[in-house]
Amino acid sequence: MKGGYVEDKWVQGCENDDWYLMDVFVYFSHSLVTIPPPCWTNTAHRHGVKVLGTFITEWDEGKATCNEMLSTKEPAQMYAERLAELATSLGFDEDKGSEVHNCLL
């Protein structure tokens, strides 16, 4: 796989003894929107751990994406609502304190 990532060897979610050490599990990749697989969400929730997906923009292409998506309050609000709907409908948790880490031009 690209970027040094390997296929997920825990396709049904990881059952280990370390879940008690976590409050939140963030499922990450370098895609614009990364949705945690249900197996990870279900496993984490069984152990009382919240699960977050990621929204990430990177490099110059990411700046252009942010400029388009966050150009005014209306599209920013619409994209935030769509991401929240994804979280709700797919059963993972929303992060209402999200941060934008890519500067706008």
Side-chain angles (χ1 to χ4, degrees):
M1 291 185 75
K2 191 168 149 183
Y5 290 96
V6 296
E7 290 292 330
D8 190 349
K9 68 180 180 179
W10 291 295
V11 294
Q12 295 303 315
C14 178
E15 286 295 342
N16 63 48
D17 296 329
D18 297 331
W19 285 103
Y20 76 96
L21 298 171
M22 294 180 248
D23 295 324
V24 177
F25 177 80
V26 179
Y27 195 83
F28 175 83
S29 80
H30 290 279
S31 298
L32 179 64
V33 176
T34 302
I35 298 170
C39 57
W40 281 96
T41 301
N42 295 339
T43 301
H45 285 170
R46 253 193 327 272
H47 293 280
V49 176
K50 288 186 177 189
V51 179
L52 302 178
T54 52
F55 170 83
I56 185 171
T57 60
E58 299 178 291
W59 313 112
D60 290 338
E61 182 181 343
K63 288 178 187 177
T65 300
C66 281
N67 282 336
E68 180 181 335
M69 294 177 73
L70 307 174
S71 60
T72 65
K73 182 179 178 179
E74 289 76 22
Q77 181 69 35
M78 188 264 307
Y79 286 116
E81 289 171 0
R82 296 302 83 78
L83 290 170
E85 288 170 3
L86 276 174
T88 300
S89 66
L90 297 175
F92 59 99
D93 303 287
E94 294 178 55
D95 179 10
K96 300 207 186 329
S98 296
E99 301 177 32
V100 175
H101 292 282
N102 203 337
C103 62
L104 302 176
L105 298 176

*Audit row: Met78, Arg82, side-chain contact (heavy atoms from CB on, under 4.5 Å) steps and yes/no*: CA-CA 6 Å; Met78 188 264 307; Arg82 296 302 83 78; 3.2 Å; yes

_Minimal non-hydrogen separation, Thr34 against Tyr27, with atom names_ = CG2-CD2, 3.5 Å

*asked:* Looking at every non-hydrogen atom in both residues, tell me the closest pair between Thr41 and Pro36 and how far apart they are.
replied: OG1-CB, 3.7 Å

*Checking Asp93 side chain against Leu52 main chain: does a donor-acceptor pair fall under 3.5 Å?*
no

*Which pair of heavy atoms, one from Leu70 and one from Ala76, lies closest together, and at what distance?*
CD2-CB, 3.7 Å

*More than 12 heavy atoms from other groups under 6.0 Å of CD on Glu81*: yes

*asked:* If I compare all heavy atoms of Leu83 with all of Val33, which pair ends up nearest, and what's the gap?
replied: CD2-CG2, 4.0 Å

*Please name the pair of heavy atoms, one in Ser31 and one in Ile56, separated by the smallest distance, quoted to 0.1 Å.*
O-CG2, 2.9 Å

*Enter the distance from Leu32:CG to Thr65:OG1 here, rounded to the nearest 0.5 Å.*
6.5 Å

*Can you measure from OH (Tyr79) to CD (Glu68) and round to the nearest 0.5 angstrom?*
5.5 Å

_ring-ring contact (aromatic ring centres under 6.0 Å, His included), paired with His47, selected from Tyr20, Phe25, Trp19, Trp40_ = Trp19

*Would Thr43 and Arg46 satisfy side-chain contact (heavy atoms from CB on, under 4.5 Å), going step by step from the backbone distance to the final call?*
CA-CA 5 Å; Thr43 301; Arg46 253 193 327 272; 3.2 Å; yes

